[in-house]
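Here's the structure we're looking at; comments come further down.
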Amino acid sequence: MSYSSTSVSTSPIDGQKPGTSGLRKAVKVYLQKNYTENFVQSILEGGLGSIEGSTLVIGGDGRYYEKEAALLIIQMCAANGVSKVIVAHNALMSTPAVSCVIRKYKTNGGIILTASHNPGGPDADFGIKFNTENGGPAPENVTDKIFERTRNINQYKICPDLKVDLSKIGQSVYTVDGREFTVQIIDSVSDYVEYMKEIFDFPSLKNYLSSGKQVLMDSMNGVMGPYVKRVICEELGAPETSVVNCTPLEDFGGKHPDPNLTYAADLVAEMAKGQHDFGAAFDGDGDRNMILGKNAFFVTPSDSLAVLAHYLECIPYFKKTGVKGYARSMPTSGAVDRVAKTKNQKCYEVPTGWKFFGNLMDAGCLSLCGEESFGTGSDHIREKDGLWAILAWLSVLANQNCSVEQCVKNHWQTYGRNFYTRYDYENCETGQANKMMDHLNAYVGDESNIGKEYSAKDKTYKVAKADNFSYTDPVDNSVSKNQGIRLIFEDGSRIIFRLSGTGSSGATIRMYVEGYENDPAKYEMDPQVVLRPLIDIALMVSKLSELTGRDSPTVIT
Ligand code: G1P
Ligand code: ZN
């Protein structure tokens, strides 16, 4: 069939600057005239070296408006001279699977339609993210170019008559303006599962699960359901009752698809009954994970990263590649640094956001990395990977033949415990949140604060360093400034403040607190108790309540 495209005139729309992970806005914002079109045209022009002849992957988490957006993007790719799009069946593909497919088929990148863990539905959020040919989120120099295009755009190209049926797997070739345009619709799950089978020892995992171990996995009505069912039930033989909320829903069934103790409370309650040995939850697009042991024993993401770092070589992939180094985002606890030190490995500290790990992986500096925000992953792809993390944990448990709780406690015995907590103050008034950050910036800019002592309860902490974290990428020397306020005390304890870059409205303040203990008598204490003095100091120094009017956080992790 032959089609022709048209150019539609448009004008720039404010506020299309990609954040920590793509452009996330309310669905209502995306539905404004030309909003999606402007951003997609800007991705094509700013994100790809050359549009003509390129191949792109398109997939997303199944949230409201996703399928329409995918169809629109196909029409725009056709009109702009893209040669081929590889599209997920029904447009459903997890973020890690898109990364896997971009790399496997050596495409020029991909467009992921997701707002990750933000709620979905007509009154909730949508998002569009561009990933480059390495399979990872576009780095800042690329997102800057995309943003620049959104500020100068005056037309977009579209082929409005091209209607593709996303429910049919297979390849179709169209002629658009005399050029060939191929649409290949692929099974969403197969490529990813095949890859997992190369990375992990599936027969040994199957053995482990068949030895009476009960698991419970919550896909939170996001995109992970089909992946989890296929891997955990079909491949590894766990009963169907081991997986819940497995049907991807446009509004995630009203859930907030974020795998933490607050939003995955149902899973926590079920695990607390003590009938399951291992529990896990994923976010809407499947890149995040939460790990629980029997009786809902919670593994902090920072500890999860450190434990995996310690045992990494029990996974066949790393036996083969060797361990090349570790990395964590700046606010993530230093537990993994201790493992790195013992194992004589490098450990990189990068700003918040997965995009900062990509260069290090491409340069062969890094095998395993993670963020305190429930993100864990490796250089097998260029996104964090929820199901990979679960398979990595099951591999460790099978290898050690111990419970989740025992495994973490053994880790503390070896390395000491990095107590950690994060307070989120969601929906703050933007002006007030900025005022607090201004106040903190002034604080860290004032050298007389170094050496100051703060006391709370029976503890005293002396400021050793205070700054706004700035990162120089060791591979390309690019500099990313203003990545978070840090107060580091003489004993290594840290207080960090930053504003979220993934919210769709208002401001979210994140306050991170970390303190290290190597007295075994304290290992099993509640982090909220151990960290109380530091939390009080953080609240005092930041004047958070005074400047924002907020008395308590929305979420504590
Ligand atoms: C949050 C997390 C960050 C993560 C990002 C995308 O970003 O804090 O670690 O990479 O989501 O999942 P933030 O909202 O803090 O900018
Ligand atoms: Zn996500």
Side-chain angles (χ1 to χ4, degrees), residues 17-24 59-63 93-99 112-120 125-129 131 136-140 143 219-220 222-224 227 252 256-260 263-264 281-290 300-302 305 327-333 349-358 369-377 381-389 420 422-428 433 437 469 480 482-485 496-512 554-555 557:
K17 188 175 171 56
T20 312
S21 191
L23 183 69
R24 284 189 205 166
D61 63 13
R63 68 180 56 231
M93 191 175 271
S94 76
T95 292
V98 172
S99 184
I112 310 184
L113 305 168
T114 174
S116 185
H117 49 283
N118 294 18
D125 286 349
F126 189 70
I128 301 184
K129 181 165 102 160
N131 281 29
E140 267 175 359
T143 52
S219 295
M220 314 265 285
V223 76
M224 284 312 285
Y227 295 82
F252 306 111
H256 192 144
D258 199 2
N260 59 39
Y263 297 128
F282 306 92
D283 71 336
D285 65 327
D287 53 358
R288 293 185 173 200
N289 74 91
M290 175 171 75
T300 70
S302 297
L305 175 64
R328 61 169 171 81
S329 65
M330 180 273 282
T332 302
S333 96
E349 182 180 41
V350 309
T352 295
W354 208 259
K355 59 185 175 227
F356 294 101
F357 295 124
C369 55
E371 294 193 276
E372 49 64 43
S373 53
F374 298 85
T376 327
I381 54 169
R382 295 294 179 273
E383 287 279 4
K384 55 191 179 247
D385 189 342
L387 189 48
W388 175 92
Y420 191 81
R422 178 175 117 180
Y423 281 31
D424 293 334
Y425 297 82
E426 294 170 346
N427 287 315
C428 290
M437 291 306 283
F469 182 59
S480 305
N482 297 321
Q483 297 296 319
I485 298 288
I496 295 151
F497 285 91
R498 54 180 286 282
L499 296 185
S500 157
T502 57
S504 58
S505 61
T508 293
I509 297 170
R510 302 206 196 285
M511 176 177 107
Y512 313 78
T554 338
V555 177
T557 331

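Read the numbers this way: they start at 1 and go in the same order the structure lists the ligands and their atoms. Predicted model only: the values in this text are computed from it and were never measured.
Those atoms of ligand 1 that come under 4.0 Å of a heavy atom in Gly353, given as number and element, are 10 (O). Close contacts of ligand 1 with Arg510, meaning ligand atoms under 4.0 Å from a residue heavy atom, involve 8 (O), 13 (P), 14 (O), 15 (O). Those atoms of ligand 1 that come under 4.0 Å of a heavy atom in Arg498, given as number and element, are 8 (O), 13 (P), 15 (O), 16 (O).
The set of protein atoms (N, O or S) found at less than 2.8 Å from the Zn ion (ligand 2) reads Ser116 OG, Asp283 OD2, Asp285 OD1, Asp287 OD1, by chain and number.
Not one N or O of Thr352 is nearer than 3.5 Å to an N or O of ligand 1, by distance alone. Polar contact with ligand 1: absent for Arg24 (N/O pair, distance under 3.5 Å).
Side-chain contact between Lys129 and Pro137: present, with at least one pair of heavy atoms (C-beta onward) separated by less than 4.5 Å. Ser219 places a side-chain heavy atom less than 4.5 Å from the side chain of Phe282. Side-chain contact check for Phe356 versus Ser329: every heavy-atom pair is 4.5 Å or farther apart. Side-chain atoms of Gln483 and Arg498, non-hydrogen and from C-beta on, never get closer than 4.5 Å to each other.
Each of Thr352, Ile509, Thr508 was scored for a side chain to side chain contact (heavy atoms under 4.5 Å, CB included) with Ser500, with one residue passing: Thr508. Exactly one residue among Asp283, Asp287, Asp285 makes a side-chain hydrogen bond (donor to acceptor under 3.5 Å, both in side chains) with Thr95. That residue is Asp285.
Ring planes of His256 and Tyr263: parallel class, angle under 30° (limits at 30 and 60°). Between Tyr425 and Tyr423, the ring planes lie tilted relative to each other; the angle falls in the 30° to 60° range.
The heavy atom nearest to atom 13 (P) of ligand 1, out of those in Gly375, Ser373, Gly501, Gly484, is found in Gly501. When the heavy atoms of Arg288, Lys384, Glu371 are ranked by distance to atom 11 (O) of ligand 1, first place goes to Arg288.
In this view, Phe126 and Tyr30, Tyr65 satisfy the ring-ring contact (aromatic ring centres under 6.0 Å, His included) rule, not counting sequence neighbours.
Within the structure, ligand 1 has Arg422 among the residues with a heavy atom less than 4.0 angstrom away. In this structure, Ser329 falls outside the shell of residues with a heavy atom less than 4.0 angstrom from ligand 1.
Counting all heavy atoms, side chain and backbone alike, Phe252 lies closest to Gly120 at CD1-N, 3.5 Å.
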